[in-house]
2 protein chains.
Amino acid sequence: MATTTAAERRDADRASYDVFLVGCPSRLVLERISDRWVALLLAALSDGPKRYSELGRKVAGVSPKMLTQTLRALERDGLVEREVTPSVPVRVDYRLTSLGEGLHRAVLAVKDWAEAHVDEVLAARDRYDAESG
Amino acid sequence: MATTTAAERRDADRASYDVFLVGCPSRLVLERISDRWVALLLAALSDGPKRYSELGRKVAGVSPKMLTQTLRALERDGLVEREVTPSVPVRVDYRLTSLGEGLHRAVLAVKDWAEAHVDEVLAARDRYDAESG
DNA sequence: CTGTATCCAAGACGATACTG
DNA sequence: CAGTATCGTCTTGGATACAG
């Protein structure tokens, strides 16, 4: 049987294909912000530190599992900081690091573009759907 | 390609949660660029029109299914244009619209940030992994 | 050449219940 | 309060074969 996983084969393939795809650091970050909740969490934290439960309420619909999972990934990448206050009950605050703020600003460029052009995208979509039935 | 059911349900759900999540146009575009191949395709097309097979080669590892699917989504949103030359064999070129070029520029901001700070992210990651075992 | 259709595996994600 | 553990579902995407 195949001793290599699909992911491994893909990586190996990409490595032999094109530097454009492999060495490119943007791949890394692009994949980070591709996570469903990352951009939302970045935005939720952009106006100051928030507690775990505050985030859960602000980013409505996120399950505790995904909230923790995404927060941990962000923390691992040095984008957010986790501060525990050993009170009773425990209080935990999350805040953007300067690195995280930087990423947020970059993502904001996409957001700004979106706000400025979403109507055109929607119009194109309607047109396309009308033509294609 | 009836991709509407689950997506529509999710949208409807979100609508009942929070304006921050629903009305925000960035959600729309954020979800677009969250697709695994979108940013890559935008980049691949940024230096001029390309044929279907050229894209398949440049964005190594993409299956015909995903290539078509992503290209269609991009076309639907008015981000790329599809031009068919009815020769034998058929020739199809894809190119960024001005709208698509704009989005690409915004995504480029993220890419630029990534290139400038990926080492810090990686360092943070190593540190985290070392601490957590 | 440019797709389309089908099947299947892997992973993402949500719901829920439970712990320190 | 702030998670963690478990389970089941749905989506994603790759492989493959085939069609216009």
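In what follows, chains are A, B, ... by sequence order, proteins preceding strands, each numbered from 1.
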Fill in: First encountered from the 5' end of DNA chain C, between B:E54 and A:S63
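Counting from the 5' end, the first nearest nucleotide belongs to B:E54.
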
Worksheet item: Given that A:Q69 and A:V90 both sit by DNA chain C, which one's nearest nucleotide is further toward the 5' end?
Response: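 Closest to the 5' end, via its nearest nucleotide, is A:Q69.
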
Before accepting this row, confirm whether a basic side-chain N of the pair [X]/[Y] lies closer than 4.0 Å to the acidic partner's carboxylate O.
X	Y	result
B:K58	B:E54	no
B:K111	B:E115	yes
B:D93	B:K50	no

Discussion item. My understanding is that only residues two or more places apart in sequence, or in another chain, count here; which of them pass salt bridge (charged side-chain N to carboxylate O under 4.0 Å, His left out) with B:R51?
Written reply: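 Result, salt bridge (charged side-chain N to carboxylate O under 4.0 Å, His left out) vs B:R51: none returned.
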
Discussion item. The criterion is salt bridge (charged side-chain N to carboxylate O under 4.0 Å, His left out); which residues satisfy it with A:R72, sequence neighbours excluded?
Written reply: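 Per chain and number, A:R72 pairs via salt bridge (charged side-chain N to carboxylate O under 4.0 Å, His left out) with no residue.
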
If I take atom [atom1] in residue [X] and atom [atom2] in nucleotide [N], what distance separates them, rounded to the nearest angstrom?
X	N	atom1	atom2	value
B:L40	D:dG13	CG	P	12 Å
A:D35	D:dT12	CG	C1'	14 Å
A:L67	C:dC13	CG	P	13 Å
A:K50	D:dC1	NZ	C1'	17 Å
A:M66	C:dG11	CE	C1'	11 Å
A:R51	D:dC1	CZ	P	7 Å
B:E31	C:dA12	CD	C1'	14 Å

Discussion item. Angle between the two end axes of the helix from C:dC1-D:dG20 to C:dG20-D:dC1, five base pairs per end, rounded to 10 degrees?
Written reply: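 Nearest ten degrees gives 50° for this helix.
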
Contacts under 3.5 Å, N or O only, protein and nucleotides 3-5 of chain C:
residue: C:dG3; atom: OP1; partner: B:R72; partner atom: NH2; Å: 3.4
residue: C:dG3; atom: OP1; partner: B:R82; partner atom: NE; Å: 3.2
residue: C:dG3; atom: OP1; partner: B:R82; partner atom: NH2; Å: 2.5
residue: C:dG3; atom: OP2; partner: B:Y94; partner atom: OH; Å: 2.7

Practice prompt. Return yes if some donor-acceptor pair links the side-chain N/O of A:Y52 with the main-chain N/O of A:P64 below 3.5 Å, else return no.
Written response: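 Yes; judged by distance alone, with no hydrogens or angles, the pair exists.
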
Worksheet item: So which nucleotide from D:dA2, D:dG14, C:dC13 ends up closest to the side chain of A:R36?
Response: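 Looking only at heavy atoms from C-beta outward on A:R36, the closest nucleotide is C:dC13.
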
Fill in: A:W37 side-chain proximity, nearest of D:dG14, C:dG14, D:dC1
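Taking heavy atoms from C-beta onward, the closest nucleotide is C:dG14.
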
Worksheet item: Taking only residues two or more places apart in sequence, or in another chain, which ones meet B:R95 in a side chain to side chain contact (heavy atoms under 4.5 Å, CB included)?
Response: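 Listed in chain order: B:P49, B:E81.
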
Worksheet item: Considering residues at least two apart in sequence or located in another chain, which fulfil the side chain to side chain contact (heavy atoms under 4.5 Å, CB included) criterion with A:H104?
Response: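 A:H104: side chain to side chain contact (heavy atoms under 4.5 Å, CB included) contacts with A:L42, A:A43, A:S46, A:L96, A:L108.
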
Practice prompt. Would you please test B:D77 and B:R32 for side-chain contact (heavy atoms from CB on, under 4.5 Å) and show each step?
Written response: CA-CA 9 Å; B:D77 286 355; B:R32 263 269 130 282; 2.5 Å; yes

Discussion item. Taking the nucleotide of DNA chain D with the nearest heavy atom to each, does A:S53 or B:V62 sit closer to the 5' end?
Written reply: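 Between the two, 5'-proximity favours A:S53.
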
